[in-house]
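Data block below; observations after.
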Amino acid sequence: MESPETSAASAHTSGFRREFAYFVTQIVKSAGRRRIALTMLLLLLAGATEGVGLMLLLPILRLGSNDTSSQDMVSKFLAGHLQTWGLALSLPTLLALMIAVIACRSLIEWCRDMMAADVQLRFVAALRQRTMAAVAGASWHYLGRQSNAYLHAILCRDVEALRQSAVQSLQLAVQIILLLTNVVVAMIISPSLTVAAVVLALVLALVARNLVRRAQTSGKQFAQHQRGIQRETADFVNGLKLVKSMHAEGKHIEAFNASSAVLHQATRQHKTAGATVRAMLQFSAAIAVSLLVLMAQENKQLAFPEMILQALVFARIVPILRDIYYGLQLIANTLPSYAEIESVATQCALHAEPKPGSVDAILLRQRLQLRAVSYRYRSTGPNAIEGINASIKAGSMVALVGPSGAGKTTLADIILGLLQPDSGSITVDGIPIAGESVHAWRRSVAYVPQDSFFLNASIRENLAWTAPEVSDAAMLAALEQAQALDFVSRRAGGLDALIGDHGRQLSGGERQRLALARALLRQPSVLVLDEPASALDPENAREVYRVIGNLRHKMTIVIIVHDIANVRNADQVLVLERGRLTEHGAWQDLAYPVAGTP
């Protein structure tokens, strides 16, 4: 009966084999069977020329040592074929053949390496594109719960780690072919010694197997610690200005150092185990080769040239075995990243939105209707909004007000089509916004968040981000409409002026007006703004609200605010508290507290 430790080890081994087999099938799938078949053919040809080159050493050693006591099978084979060409079995002839074989092998290996590089590049490109498409196609309900640093690590660091695994997988095939070639050559020279060497190699392989399992376990821990340090780094960089202003550098440095220390320890343990087993394998193999050569000499099984070549072949096998172990260890270390990527892709597929169709954008021309809309972020959690009934007339300005956590952003996300109600419905001119119609609806809406996203690029590139085909004239018109044309014109380069990472070269008011201009370029039928002036000084806030007021009746505007005094000119105010609609109507008719007003 197996012990628990033996059962766990067996399960771990079968798990690694299953994961590795699936990984290889994905490489084959992405590269194509023909390309893989050609790569394998080149691997075999490279191995064959390697074997031919090794076998040519036998007659060369015999002639070089003036040993004419006996003639090996290689010398007999070559002498018979060279004689038909009028050539003698001489050292110059053999050296010329060796040069020709090496030249042929070099060409084959060049083709093999180019094909292998193409295979791994195709795999990585397919994996990155598939993962990116899966993330992009997932619902906001799922993506909104994921860490930005986690998704960034999946798309960048983990995919790059798997590029190394793909390289090692192909290199593993090369090493296995070379190993088989050397074993065949050794078998031709001395079957008995080769069998003894294979038995010793199997013993060493059994020892190394446990270490490969440990490498897979440490690989999972290593990946987790790396993600932890990436989260710490992302939090620090994203909040750098706040960190500096709040004098919180010490806290982040302490957290980073703690994560770094854990990662350092995990990496050290992994590297130590790997270095130890490689040194052990190399030392053990050197002893085994020496013993085998001594056995051959004592039993006078081999002539001197055969003994030298056999020792050379065994010596070549040692680093090949070491490289095979190293490759397996690296693959075992990075396969957890592949499992993580597959898990994310699977979850994204489970939460995938319907694919966008070719239908035209759904424009709001009459009324947007919310009927008994409820939504919760987690199936076991409370409702974020519950039983919302509201009607938004086309061309009107609607304000969503209420304390933090009241459900304003959730309701705005439902209006945008980012979230689908758990119960109830949302319709635009009688058309349900669900399924395929969600994408058609999103084509006619625009969103300006509280903290707008900007590329580290020019004003032109930021404006064209959501409208690539837009003209300069349309850009200037949108900038003028957003009251942003003046500050853009004053900047050196105008539309081509760079604005820095996250738009840091712009003031808060300039960023908001540029974000508004970008939204207006979409010519939306509905514009949703989330606290557009919350981070601005009073003067800039008044300017932003004045710009928004000028857009009234030109499009439907939904604006989230805390201070109801900022939306006196709204056609309708929806007051939310604890996820419920408690009041709605014109500003002056509400009982909701109006901050800063008489």
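All figures in this text were calculated on a predicted structure; none of them were measured in a lab.
The side chain to side chain contact (heavy atoms under 4.5 Å, CB included) test with V448 is passed by exactly one of V544, L527, L520, D530: L527.
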Legend entry - Derivation and outcome, ring-ring contact (aromatic ring centres under 6.0 Å, His included), residues Y338 and F20: CA-CA 10 Å; Y338 189 67; F20 182 55; over 10 Å; no
Inset, instruction - Might you work through the side chain to side chain contact (heavy atoms under 4.5 Å, CB included) test for M475 and L521, ending with a clear yes or no? - result: CA-CA 7 Å; M475 288 185 186; L521 270 175; 4.2 Å; yes
Legend entry - side chain to side chain contact (heavy atoms under 4.5 Å, CB included) between L581 and L574, intermediate numbers included: CA-CA 7 Å; L581 184 62; L574 304 180; 3.7 Å; yes
Inset, instruction - Please step through side chain to side chain contact (heavy atoms under 4.5 Å, CB included) for the pair D429 and L364, ending with a clear verdict. - result: CA-CA 7 Å; D429 296 345; L364 175 59; 3.7 Å; yes
Inset, instruction - Using the side chain to side chain contact (heavy atoms under 4.5 Å, CB included) rule, take N569 and R552 through it: C-alpha gap first, then chi angles, then the decisive distance, then the call. - result: CA-CA 9 Å; N569 59 345; R552 189 184 178 198; 3.9 Å; yes
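With rounding to the nearest 0.5 angstrom, the CG atom of L127 is 13.0 Å from the CE atom of M132. Separation of atoms CZ (R376) and CG (D422) is listed at 7.0 Å; rounding is to 0.5 Å. Here CG of N550 is found 9.0 Å from CD of Q481. Values are rounded to the nearest 0.5 Å. Here the CZ atom belonging to R163 is positioned 10.5 Å from the CD atom belonging to Q168, to the nearest 0.5 angstrom. Annotation: the span from N462 atom CG to N456 atom CG amounts to 9.0 Å, rounded to 0.5 Å. The NZ atom of K393 sits 13.5 Å away from the CD atom of Q369 when rounded to the nearest 0.5 Å.
A donor-acceptor pair is defined here as one N or O able to donate and one able to accept, closer than 3.5 Å; such a pair exists between the side chain of T582 and the backbone of V575.
A salt bridge links R460 with D472: at least one charged nitrogen is closer than 4.0 Å to a carboxylate oxygen. Salt-bridge formation is detected for the pair E342/R130: a Lys NZ or Arg NE/NH1/NH2 atom is positioned less than 4.0 Å from an Asp or Glu carboxylate oxygen. Ion pairing between a basic and an acidic side chain is recognised when a charged N comes within 4.0 Å of a carboxylate O; D118 and R122 show such pairing.
Separation of the F454 and W465 ring centroids does not fall under the 6.0 Å cut-off.
With no hydrogens or angles considered, no side-chain donor-acceptor pair links Y375 and S423 at under 3.5 Å. R367 and S391 form a side-chain donor-acceptor contact under 3.5 Å, judged by distance and modelled atom types alone. A side-chain donor-acceptor contact under 3.5 Å links E340 and Y150.
Across I426 and I414, no two heavy atoms sit closer than the pair CD1-O, 3.6 Å.
Applying the ring pair (Phe, Tyr, Trp, His ring centres under 6.0 Å) rule to Y447 yields no partners; only residues at least two apart in sequence or on another chain are considered.
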